[in-house]
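Down below is the structure, laid out as structure tokens.
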Amino acid sequence: MSLHFTDEEFLEFFTETMGVKIYRLYDKETGLYEYKVFGVLVTCTPELCADVYMDLPYRKQWDGYVKELHEKDYDGHSAIYWEVKYPFPLSNRDYVYVRERRDVDVDSRKIWVVLAKSSPQSPLPEKSGVQRVNDYKQTVAMESDGACGAKVFMNYFDNPGGNIPTWLVNWAAKSGVPAFLTDMQKACGNYSNYCQKNKK
């Protein structure tokens, strides 16, 4: 029996930590991995998760890796600028991307979906000392876990460019993503207070 697909074309289980399962798929063109993440935020409804995820000003308060984050109009279309803090001695990375949220019904299941991808056509000059990431995509889908929480499915890829050591890439995937979901769960718990203070 001949094999039509290589092992690398199938999802490889990468790690499970803090209740979050992470799978990865090797990308031959870049030598990097695309990741799929499955987790549950037990104290957040999917609608609340989606609202928090979309709220850029609020994210600047709870995400410690954000250096700069805002949405602007660039020549008639809206895009988001995001600068991410990297550990010394690495340069920070920045992204210019577009995103869209839709709340969809699939076979009587309500699913909150957010799509994001790089927008290199947005005319935003690169900053000195900051590495621009031009190859980024992310899909997030959330639905009820049947109780008070949300199942979260995330698919993401980015090519950070430069010479980033493998240990750092692995650390970001193994601990950074679960930690982000933990921080997001805390942010969901504080969101109503934030909204009241800011009269949303």
Side-chain angles (χ1 to χ4, degrees), residues 14-15 17 20 22 24-37 39 49-101 114-140 152 154-188 190-191 194 198:
F14 181 45
T15 187
T17 178
V20 179
I22 302 175
R24 65 185 184 178
L25 184 65
Y26 186 69
D27 182 87
K28 285 182 180 174
E29 283 185 31
T30 61
L32 299 169
Y33 287 94
E34 180 174 341
Y35 293 92
K36 290 186 185 293
V37 180
C49 285
D51 289 344
V52 168
Y53 191 77
M54 294 294 288
D55 193 325
L56 298 181
Y58 183 46
R59 181 159 179 177
K60 287 191 278 189
Q61 296 198 8
W62 62 265
D63 185 345
Y65 291 100
V66 171
K67 173 80 183 289
E68 190 177 337
L69 181 61
H70 51 77
E71 190 163 8
K72 279 190 177 177
D73 196 70
Y74 299 101
D75 286 356
H77 77 275
S78 183
I80 294 166
Y81 176 79
W82 177 32
E83 183 180 342
V84 180
K85 297 174 190 173
Y86 266 59
F88 180 82
L90 299 171
S91 301
N92 285 356
R93 266 42 181 186
D94 69 2
Y95 300 72
V96 181
Y97 68 99
V98 292
R99 70 171 181 179
E100 186 175 335
R101 168 184 166 178
V114 181
L115 304 181
K117 66 178 180 179
S118 296
S119 180
Q121 71 274 19
S122 298
L124 189 69
E126 296 187 21
K127 289 182 179 178
S128 174
V130 178
Q131 174 91 34
R132 175 66 48 87
V133 177
N134 287 315
D135 191 4
Y136 161 74
K137 62 180 179 180
Q138 185 176 63
T139 303
V140 181
V152 179
M154 185 187 300
N155 181 62
Y156 74 94
F157 174 84
D158 78 28
N159 183 351
N163 296 313
I164 296 186
T166 304
W167 69 262
L168 181 59
V169 175
N170 287 337
W171 170 84
K174 281 187 175 178
S175 59
V177 173
F180 170 78
L181 291 177
T182 300
D183 288 346
M184 189 170 165
Q185 185 158 273
K186 288 180 191 166
C188 287
N190 296 326
Y191 193 51
Y194 169 81
N198 292 273

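The model shown is predicted, which means the values in this text are computed figures rather than measured ones.
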Can you check side-chain hydrogen bond (donor to acceptor under 3.5 Å, both in side chains) on Gln131 and Ser91, steps first, answer last?
CA-CA 6 Å; Gln131 174 91 34; Ser91 301; over 6 Å; no
Worked check of side chain to side chain contact (heavy atoms under 4.5 Å, CB included) between His70 and Leu56
CA-CA 7 Å; His70 51 77; Leu56 298 181; 5.9 Å; no
Val177 vs Tyr35, side chain to side chain contact (heavy atoms under 4.5 Å, CB included): CA-CA, chis, key distance, verdict:
CA-CA 10 Å; Val177 173; Tyr35 293 92; over 6 Å; no
Passes side chain to side chain contact (heavy atoms under 4.5 Å, CB included), Glu34 versus Lys137? Steps please.
CA-CA 10 Å; Glu34 180 174 341; Lys137 62 180 179 180; 3.9 Å; yes
Kindly determine whether Arg93 and Tyr86 satisfy side chain to side chain contact (heavy atoms under 4.5 Å, CB included), including the steps that lead there.
CA-CA 7 Å; Arg93 266 42 181 186; Tyr86 266 59; 3.7 Å; yes
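How far CD of Gln61 is from CG of Asn190: 10.0 Å, rounded to the nearest 0.5 Å. Here Arg59 contributes atom CZ and Tyr65 contributes atom OH; the two are 12.0 Å apart, rounded to the nearest 0.5 Å. Rounding to the nearest 0.5 Å gives a distance of 8.5 Å between CG of Asn159 and CG of Asp27. Taken to the nearest 0.5 Å, the CZ atom of Arg99 stands 11.5 Å off from the CG atom of Leu115. From Gln185, atom CD reaches atom CG of Asp183 across 10.5 Å, with rounding to the nearest 0.5 Å. Rounding to the nearest 0.5 Å places CZ of Arg24 at 11.0 Å from OH of Tyr156.
Side-chain N or O atoms of Arg132 include none that pairs as donor or acceptor with a backbone N or O of Val96 at under 3.5 Å. Remark: the backbone N or O of Tyr194 is paired with a side-chain donor or acceptor of Asn198 at under 3.5 angstrom. A side-chain donor-acceptor contact under 3.5 Å links Tyr58 to the backbone of Ala187.
Partners of Tyr95 under the ring pair (Phe, Tyr, Trp, His ring centres under 6.0 Å) rule, at least two apart in sequence or in another chain, are Trp82, Tyr136. Every residue meeting the ring pair (Phe, Tyr, Trp, His ring centres under 6.0 Å) condition with Tyr33, not counting sequence neighbours, appears here in chain and number order: Tyr26. In terms of the side chain to side chain donor-acceptor pair (under 3.5 Å) criterion, residue partners of Glu83 (sequence neighbours excluded) are, by chain and number, Asn92, Lys127.
Looking at every heavy atom in both residues, Asp158 comes nearest to Pro160 through O-CD, 3.4 Å.
Contact annotation: the side chain of Arg101 approaches that of Asp51 to within less than 4.5 Å [non-hydrogen atoms, C-beta and beyond]. When side chains are defined from C-beta on, Val152 does not count as touching Val37, because their heavy atoms never get closer than 4.5 Å. The shortest side-chain heavy-atom distance between Ser119 and Leu124 does not fall under the 4.5 Å cut-off. Annotation: side chain of Lys72 is not in contact with side chain of Tyr81 (no heavy-atom distance under 4.5 Å). Two residues are said to be in side-chain contact when any heavy atoms from C-beta on lie closer than 4.5 Å; Val114 and Met54 meet this criterion.
With respect to the salt-bridge test (charged N to carboxylate O, under 4.0 angstrom), the residues Lys85 and Asp63 do not qualify.
Annotation: Lys60, atom NZ; neighbour count of heavy atoms from other residues, nucleotides and ligands within 6.0 Å is above 12.
Between Phe180 and Trp62, the two ring planes are tilted [angle within 30° to 60°].
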